[in-house]
Asker: 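Once you've had a glance at the structure underneath, I'll fire off some questions.
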Amino acid sequence: MGEHKLNRRVQYTRTALREALIDLICEKPLASISVTDICARADINRSTFYLHYQGVHELLGEIENQIIAQIEKHLVRPPSLDTLNSLVTFLNHIRQSPRDIKLLYALVGEQGDPHFVSRLQRLTYDAFQIGWAHRMPEASESHKKLTFSYIVTGIISVLSAWVHGDIPEISAEEVVALLRSIIENGVHGVYEHISRGSRP
């Protein structure tokens with residue numbers, strides 16, 4: 001019984017610290033956040049913080065690991081499935097979570113965490129490898145990386161506009177279908193997509 005209470009207390013403390021850091025990341029530059037800031041927001045003393053984490057970086061790593069796991073859950077699929085199709089589930093999920101969106105954009109922004117950005121890019125790059133074996137069988141690794149840089153920038157811009165924009169009439173399925181048309185056929189794909197009635 002005592003151990004059960006201890007485990008619940010540990011879980012409560014770690015959750016409170018995690019939520020406090022998430023709130024702060026959404027409010028101010030990551031580099032300016034201190035252990036004192038986190039403890040004050042969570043209403044937990046510093047000695048208790050250091051019982052669970054060595055510093056801000058370790059707590060941040062735990063939060064980022066959870067985000068990566070969530071993205072992997074929605075995006076990583078067997079090679080037989082289209083990587084873009086799996087975006088639909090993720091988009092529908094994240095659009096219902098404004099706080100998650102704000103946290104994600106804060107982490108990948110100019111005042112966020114470059115290490116997290118690198119992990120996210122690696123994850124996305126690996127996911128795109130699924131389709132490239134068929135669409136770009138002769139492409140070198142350098143060509144793939146350059147193509148990926150071009151594609152991922154466009155995808156991020158489109159998703160950002162869709163998530164934050166006042167365009168509720170466009171579904172996640174339609175956004176993904178539009179992205180697929182652009183990636184596979186360039187700007188000409190947009191015209192074809194629209195002429196088909198903007199349907200997947």
Side-chain angles (χ1 to χ4, degrees), residues 1-78 83 86-130 141 144-145 148-149 151-153 155-157 159-160 162-164:
M1 182 67 175
E3 183 178 348
H4 178 65
K5 285 185 177 180
L6 179 61
N7 289 337
R8 288 183 61 184
R9 183 178 301 172
V10 168
Q11 185 59 45
Y12 171 82
T13 300
R14 294 175 74 94
T15 298
L17 291 170
R18 192 162 53 243
E19 292 300 309
L21 179 53
I22 290 173
D23 286 341
L24 289 167
I25 291 172
C26 293
E27 296 172 8
K28 57 194 295 188
L30 179 59
S32 69
I33 299 174
S34 66
V35 171
T36 300
D37 294 330
I38 297 170
C39 291
R41 181 63 62 94
D43 194 22
I44 291 172
N45 61 55
R46 287 173 59 90
S47 60
T48 300
F49 176 96
Y50 287 111
L51 287 175
H52 299 276
Y53 301 101
Q54 294 182 5
V56 177
H57 66 283
E58 187 174 358
L59 176 55
L60 176 65
E62 185 175 286
I63 292 171
E64 293 179 346
N65 287 339
Q66 290 178 339
I67 295 174
I68 293 294
Q70 187 66 234
I71 294 175
E72 286 179 327
K73 175 183 175 181
H74 290 289
L75 296 187
V76 177
R77 295 293 185 269
T83 302
S86 62
L87 266 175
V88 173
T89 303
F90 179 67
L91 291 180
N92 283 326
H93 165 76
I94 199 170
R95 205 179 198 190
Q96 302 302 315
S97 310
R99 186 165 178 261
D100 290 346
I101 294 172
K102 195 171 183 180
L103 170 62
L104 188 58
Y105 274 84
L107 286 173
V108 301
E110 292 183 2
Q111 301 184 81
D113 182 11
H115 176 65
F116 176 72
V117 174
S118 296
R119 291 181 65 189
L120 201 57
Q121 289 176 338
R122 184 72 250 177
L123 172 65
T124 310
Y125 183 79
D126 290 344
F128 268 91
Q129 293 276 25
I130 294 172
E141 191 68 16
K144 287 180 181 180
K145 288 181 178 179
F148 172 75
S149 297
I151 290 174
V152 77
T153 301
I155 289 177
I156 291 173
S157 295
L159 297 185
S160 177
W162 180 74
V163 167
H164 294 287

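All residue numbers in this chain count up from 1 along the given sequence.
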Asker: Just by modelled atom types, is the R9 backbone N or O under 3.5 Å from a matching donor or acceptor in the T13 side chain?
Answerer: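 Yes; at least one donor-acceptor contact below 3.5 Å.
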Asker: Mind checking whether L60 and L107 have side chains closer than 4.5 Å, heavy atoms only?
Answerer: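 Yes, side chains in contact.
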Asker: Would you compute the distance between atom CD1 of I22 and atom CZ of R41 and round it to the nearest 0.5 angstrom?
Answerer: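 Separation between the atoms: 12.0 Å.
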Asker: Which distance, rounded to the nearest 0.5 Å, do you find between the CG of D100 and the CD of Q70?
Answerer: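 Answer for the CG-CD pair, D100 versus Q70, is 7.5 Å.
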Asker: Restricting to non-hydrogen atoms, name the atom on R18 and the atom on L59 that form the minimum distance, rounded to 0.1 Å.
Answerer: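 Shortest heavy-atom contact: CA-CD1, 3.9 Å.
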Asker: Roughly how far apart are E64 CD and D113 CG, rounded to 0.5 Å?
Answerer: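 If I round to the nearest 0.5 Å, the distance is 4.0 Å.
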Asker: Between atom CD1 of I25 and atom CD1 of I33, what is the distance when rounded to the nearest 0.5 Å?
Answerer: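 These two atoms lie 5.0 Å from each other.
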Asker: Is there side-chain contact between Q54 and F49, with at least one heavy-atom pair below 4.5 Å?
Answerer: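 Side chain of Q54 against side chain of F49, heavy atoms only: no contact under 4.5 Å found.
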Asker: Measure the shortest side-chain to side-chain distance between R46 and V35 over non-hydrogen atoms and say whether it is less than 4.5 angstrom.
Answerer: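 Yes, at least one pair of side-chain atoms sits under 4.5 Å.
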Asker: Is D23 reaching over with its side chain to a backbone N or O of A20, donor-acceptor style, under 3.5 angstrom?
Answerer: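 A pair under 3.5 Å: no.
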Asker: We want to know whether T15 and Q11 form a side-chain donor-acceptor pair, criterion being a heavy-atom distance below 3.5 angstrom.
Answerer: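 Yes, because at least one side-chain N or O of T15 sits under 3.5 Å from a partner of the opposite role on Q11.
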Asker: State the NE2-CD distance between H52 and E62, to the nearest 0.5 angstrom.
Answerer: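 It comes to 10.5 Å.
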Asker: Heavy atoms, side chains only, cut-off 4.5 Å: are L24 and L30 in contact?
Answerer: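 They are not in side-chain contact.
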Asker: So, does S32 use its side chain to make a donor-acceptor pair with the main chain of K28 at under 3.5 Å?
Answerer: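 Looks like no, no N/O pair under 3.5 Å.
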Asker: Identify, with sequence neighbours excluded, every residue that meets side-chain hydrogen bond (donor to acceptor under 3.5 Å, both in side chains) alongside S47.
Answerer: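 Listed in chain order: N45.
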Asker: Nearest 0.5 Å please: distance from the CD1 atom of I67 over to the CZ atom of F116.
Answerer: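 With rounding to 0.5 Å, CD1 (I67) is 4.5 Å from CZ (F116).
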